[in-house]
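First comes the structure, then the notes that go with it.
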Amino acid sequence: MSEPTYADIEEHRQGLLKQWEKFREQYKEIEALLNGDYLIRTIRKDKKSFKLGIAATKMQAMVDSMITNKPKVTREPIAEGIAHKDLANKGEKWGEAVLEEIAVAKQMVPPFKSAGRYLGMGYAILVTRLDDSVYGKKPEGKAKREKWEKEKPFKFPFVIEAPNPCRILLPPMEREPSMAIESQTLKVFEVQSRYPGLELGSSKMYDQVEIVHFWTPEWHVVCKGTEIFVLPNVYGFVSYTHAFAGYGWEHAPTYSVGEGSQSDLGPHPEDLARSLLWSAKDSIIATVEITNAMHEYAMRGIFYTLLTPGDNEGIARQLAEADIGAIVSTEGVDPTKIIPLSTPDLPPYIFNVDSLFKQEIEMDTFPAVVQGEIAPNVTTATQTAVSLSAARMKFELPIQQLNYMASMSLGYCARMLTAIGETMRIGGVTINGDTFEGNYRFKVDFMSKDPGERLRASADGREEVKLGGKSLETHMQEDEGIGDATGETMKIWI
């Protein structure tokens with residue numbers, strides 16, 4: 001690809017914006033549901049209404065219970081032989097250590113938890129970056145240089161982020177994107193230090209400016225308005241990865257007689273980016289409305305309104321200022337003409353409507369057992385485990401997509417480390433580009449297993465080993481979660 005111009009970038013940007021337009025509208029609707037930023041029907045026109053955190057709590061409970069903080073990383077040797085196997089094991093240890101460090105590195109929200117939450121909303125993006133500034137400049141002087149060289153392998157140069165998908169544009173149907181357009185806000189001094197050739201005008205040091213990045217395998221272009229700063233992409237790939245949650249499906253095209261298709265054939269991003277909450281959103285809002293109505297009914301029943309044909313401002317003022325148990329003077333007032341406004345009696349079935357909507361929400365999303373609520377008919381630990389396993393199946397597709405994105409991001413980290421030719425010491429192993437032997441594929445598993453499930457898998461695996469149906473190494477990797485079995489055999493069998 002020849003060096004891109006501003007016109008090239010703007011053409012790609014406008015084309016992708018059009019492709020993602022309906023998705024962005026749909027995504028913001030789910031985001032509003034999670035943030036409680038939606039309208040409800042209430043008789044309290046100018047008073048505060050209660051926006052229950054049903055959607056946000058549901059999503060967070062699933063993410064917390066399903067996504068472990070210590071993912072399992074596996075890596076196949078590129079060929080047979082002990083040497084290749086040892087390098088694959090080193091790569092696994094390095095990968096697990098990198099993913100664990102990413103969760104606490106920098107001052108940011110843990111990216112994999114965030115990506116899981118975004119996937120629950122329908123679509124997520126992970127961005128992998130190399131922050132080579134952690135190494136600093138090579139110092140002058142032999143002693144300082146030796147100290148710098150000694151400390152370099154312990155530096156952590158990787159950044160993985162899960163930004164809001166609405167500020168990044170990727171070709172929607174490309175599993176490994178051929179280009180990426182990202183908008184971000186930076187302070188002037190940050191832009192000047194990173195891209196000194198970009199013209200910013202007379203902006204002050206701490207002014208914020210919008211920067212647009214355009215990435216291809218060959219180029220990295222930084223834009224401010226129509227001003228562009230073109231850099232070569234030294235890595236040779238676009239370090240973005242994305243995935244849809246798996247709840248969507250392609251829409252049916254519309255045809256007219258004798259004229260063929262009258263609509264764009266799918267799938268479109270808005271078709272595939274269906275949220276776990278999409279079919280439950282009406283029930284969630286209805287539950288909030290009912291809760292507000294019940295609250296209003298209770299408040300009117302306790303703090304009832306008084307009706308009177310006369311002018312009793314004195315009584316009204318005394319009642320407003322009076323404390324519980326206060327004595328209020330009725331001098332000059334006919335008490336028989338002060339009538340409390342009655343609250344209508346509600347039929348019993350009204351109180352079941354709330355439960356019906358909550359059941360609908362559970363059917364559309366997942367049972368409340370994930371949030372720690374146990375149904376009355378669930379009386380044993382086994383029944384609870386079965387209920388929890390059934391609930392977790394609802395999030396299996398997004399977890400598979402998260403695993404894919406994390407695998408791609410870890411591969412990007414390996415390729416970047418190889419490109420800069422550095423050595424890295426982490427997780428008890430020393431890694432450089434030669435360790436990967438040209439293979440940058442990893443398998444990552446973020447699925448969190450509950451204690452009961454782990455115990456059953458461990459016990460079943462041991463029996464299979466005894467019967468000869470499974471090797472000890474396979475058992476330790478699949479059932480015990482141990483990638484490198486060296487020195488672990490006795491722990492398994494004791």
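Since we're looking at a predicted model, the values are computed, not measured.
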For this session: Determine the interplanar angle of the His242 and Phe244 rings, folded into 0 to 90°, and report it as parallel if under 30°, tilted if 30 to 60°, perpendicular if over 60°.
Result: tilted
Problem set entry | Plane angle bin for Tyr123 and Trp20 - parallel if under 30°, tilted between 30 and 60°, otherwise perpendicular | tilted
Within the side chain of [X], is there an N or O that forms a donor-acceptor pair under 3.5 Å with the backbone of [Y]?
X	Y	answer
Asp207	Lys204	yes
Thr57	Ile54	no
Tyr27	Cys166	no
Asn292	Glu289	no
Gln192	Pro196	no
Glu92	Thr74	no
Glu190	Lys187	yes
Glu360	Ala280	no

Show the nearest heavy-atom pair for residues [X] and [Y], with the distance to one decimal.
X	Y	answer
Gln19	Pro172	NE2-CG, 3.7 Å
Phe436	Tyr440	CB-CE2, 3.9 Å
Ala162	Ala115	CB-N, 3.9 Å
Thr128	Met416	O-CE, 3.5 Å
Ala406	Phe112	CB-CE2, 3.9 Å
Thr418	Gly433	OG1-CA, 3.4 Å

For this session: Apply side-chain contact (heavy atoms from CB on, under 4.5 Å) to Asp131 and Phe158, showing your working.
Result: CA-CA 6 Å; Asp131 181 12; Phe158 304 119; over 6 Å; no
Side chains of [X] and [Y] in contact at under 4.5 Å (non-hydrogen atoms):
X	Y	answer
Asp271	Trp249	no
Ser409	Val127	no
Met179	His12	yes
Leu231	Val221	no
Ile9	Cys223	yes
Met447	Lys72	no
Ile211	Thr185	no
Pro217	Val238	yes

List the atom pairs, donor and acceptor, that lie under 3.5 Å between side-chain atoms in residues 395-402 and the rest of the protein, sequence neighbours left out.
residue : atom : partner : partner atom : Å
Gln401  : OE1  : Arg175  : NH1          : 3.4
Gln401  : OE1  : Arg175  : NH2          : 2.9

Problem set entry | Positive for side-chain contact (heavy atoms from CB on, under 4.5 Å) with Ile431, one of Thr423, Val98, Leu417 | Leu417
For this session: Could you walk me through whether Leu33 and Tyr38 pass the side-chain contact (heavy atoms from CB on, under 4.5 Å) test, one step at a time?
Result: CA-CA 6 Å; Leu33 191 68; Tyr38 51 85; 4.2 Å; yes
Seminar exercise, completed: Those residues at least two apart in sequence (or on a different chain) that pass salt bridge (Lys or Arg N to Asp or Glu O under 4.0 Å) with Arg129 are Glu161, Glu182
For this session: Step by step, work out the side-chain contact (heavy atoms from CB on, under 4.5 Å) result for Val222 and Val230.
Result: CA-CA 6 Å; Val222 186; Val230 182; over 6 Å; no
From [X] atom [atom1] to [Y] atom [atom2], the distance as rounded to the nearest 0.5 Å:
X	Y	atom1	atom2	result
Leu34	Leu277	CG	CG	5.5 Å
Lys90	Leu87	NZ	CG	6.5 Å
Tyr247	Ser279	OH	OG	10.0 Å
Met405	Phe446	CE	CZ	9.5 Å
Ile284	Ile40	CD1	CD1	13.5 Å
Leu169	Ser183	CG	OG	7.0 Å

Exercise. Can the positive tip of Arg75 be found less than 6.0 Å from the middle of the six-membered ring of Phe442, inside 45° of the ring normal?
Worked result: yes
For this session: Tell me, yes or no, whether the heavy-atom count around Glu11 atom CD, taken from other residues, nucleotides or ligands under 6.0 Å, exceeds 12.
Result: no
For this session: Report, as yes or no, whether the 6.0 Å neighbourhood of atom CZ on Arg441 holds more than 12 heavy atoms from other residues, nucleotides or ligands.
Result: no
Seminar exercise, completed: So the side-chain hydrogen bond (donor to acceptor under 3.5 Å, both in side chains) pairs with at least one residue in residues 219-236 (sequence neighbours excluded) are His213-His220
Exercise. How would you list all residue pairs meeting side-chain hydrogen bond (donor to acceptor under 3.5 Å, both in side chains) that involve residues 111-122, not counting sequence neighbours?
Worked result: none
For this session: Please assess Val188 against Tyr206 for the test side-chain contact (heavy atoms from CB on, under 4.5 Å), listing each intermediate value before the final yes or no.
Result: CA-CA 6 Å; Val188 168; Tyr206 281 88; over 6 Å; no
For this session: Walk me through it: do Lys147 and Glu151 pass the test salt bridge (charged side-chain N to carboxylate O under 4.0 Å, His left out)?
Result: CA-CA 6 Å; Lys147 181 175 181 293; Glu151 293 175 349; 2.7 Å; yes
Exercise. If you look only at pairs with a residue in residues 410-433, which of them pass as a salt bridge (Lys or Arg N to Asp or Glu O under 4.0 Å), with sequence neighbours excluded?
Worked result: Lys152-Glu422
Problem set entry | Set of residues satisfying side chain to side chain contact (heavy atoms under 4.5 Å, CB included) with respect to Glu29, sequence neighbours excluded | Trp278, Lys281
Problem set entry | Any side-chain donor near an acceptor of the partner, Glu31 and Asn164, under 3.5 Å | yes
